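Scroll down for the structure; my scribbles are underneath it.
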Amino acid sequence: MHRISVGAEINYEVLIGSEWRPFVDSIFSAHKKVLIIAPSYIATSAKLLALTQNSDHTLFITPDGEAQKDYSTAQRLWNLLGESEFGRKDAIVGIGGGATTDLAGFVASTWLRGIDWYAIPTTLAGMVDAAVGGKTGINTGSGKNLVGSFYSPKSVCADITWLETLTDRDFSAGLAEVIKTGYIRDLTILDQLETIKSIGEAREQAFELVAKSVAVKATVVSSDFKEGKLREILNFGHTFGHAIEKNCQYALRHGEAVSIGLHFAALLSEATLGFDPNETAHLKRLLEKFHLPTMLDPHEHNWSDLLALMSGDKKSRDGQIRFVGLRAPGEPDWIEAASADLLKATYEKIVL
Ligand code: GLY
């Protein structure tokens, strides 16, 4: 197993490899009661069924996708923890995509003011982003992740073999976060992706892509756990991406919305930070090589709806929408005062 340390309110490790089963066994050894939270497509998989037959724990099957990150699911989990008399020494394990680990971490952070939790991300986006860094939360009618906490897992096990269960579409959605990570901090990720010709080839190189991306995330989170400022660079592409996601009621994958958001942020960077237009074209080509969307249908996403959603995003402050942009690849910077006219003109460049 490859191990990467994260220093946050606690120190913990992200294990990258192929050993999620012994990881779960060690959690069962360390805690008397364990609540496993997983969506049905994971919980019913032969792997998990084999595991559940031999152990003493509670399994909660979540709704699929972003729908699980809501108050009613969290409430059902709190009720279950109460009925099962979970105490301070018991633990929660989230196995699934980013929505599941966000939910599991949030419920763990609130139960008895915080019990141990562990993340087993099964998607590429979950491995390189959501499960690492201790941001937990649920959505409200007003926006994504508006209720949540900074609450680190005891450890994370990114078992690369789970990626075999993903469709190409889901794998590519995760690549958007890998590409984001390359652009903000590690140009070797971009060099590697340049040499890769297909999604199949990217799958073969997943271990290295995950290890490099987690290393970046671990460094950033270890310097700025509570997002004083530096951590915001991880939000490159996310201000616009979150608005798109919400506007289409999560019909797009998170990474697909982020992909369009990356293109938007690169164009905005040209006007505000002097980002080279050739680099924007390069970013767009890289995203499209992995079948990621970079443009929007204006009939599905009109500007005033997206603007209203961005204004309500937690990244906006005092009515000012905040973006992360680039001066150059590997040189992120903050865009805090883009005019309404500039934002609209940038939107117009990415509509079909
Ligand atoms: N997903 C961005 C962060 O963890 O800060």
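Whatever order the structure lists them in is the order used to number ligands and atoms, beginning at 1. None of these values were measured; they are calculated from a predicted model.
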Next on the checklist: Can you list everything that forms a ring pair (Phe, Tyr, Trp, His ring centres under 6.0 Å) with F290? Sequence neighbours excluded, please.
Outcome noted: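 Result, ring pair (Phe, Tyr, Trp, His ring centres under 6.0 Å) vs F290: none returned.
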Item to check | Ring geometry between F240 and Y347 (parallel below 30°, tilted from 30 to 60°, perpendicular above 60°) | outcome: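 Rings of Y347 and F240: perpendicular, as their planes differ by over 60°.
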Next on the checklist: Can you tell me if K217 contacts ligand 1 (heavy atom of the residue under 4.0 Å from the ligand)?
Outcome noted: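 A heavy atom of K217 does come that close to ligand 1.
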Next on the checklist: I need the atoms of ligand 1 closer than 4.0 Å to a non-hydrogen atom of N235, numbered in the order shown.
Outcome noted: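 So the atoms of ligand 1 that pass are 2 (C).
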Next on the checklist: Looking at G325, is its backbone amide N or carbonyl O close enough to the side chain of D333 to form a donor-acceptor pair, meaning the two atoms are under 3.5 Å apart?
Outcome noted: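 Absent.
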Item to check | Under-4.0 Å salt bridge between R253 and D170 | outcome: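 Looking at R253 and D170, the cut-off is met.
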Item to check | R231 N/O under 3.5 Å from ligand 1 N/O | outcome: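 Between R231 and ligand 1 (N or O atoms, distance only) the closest approach is under 3.5 Å.
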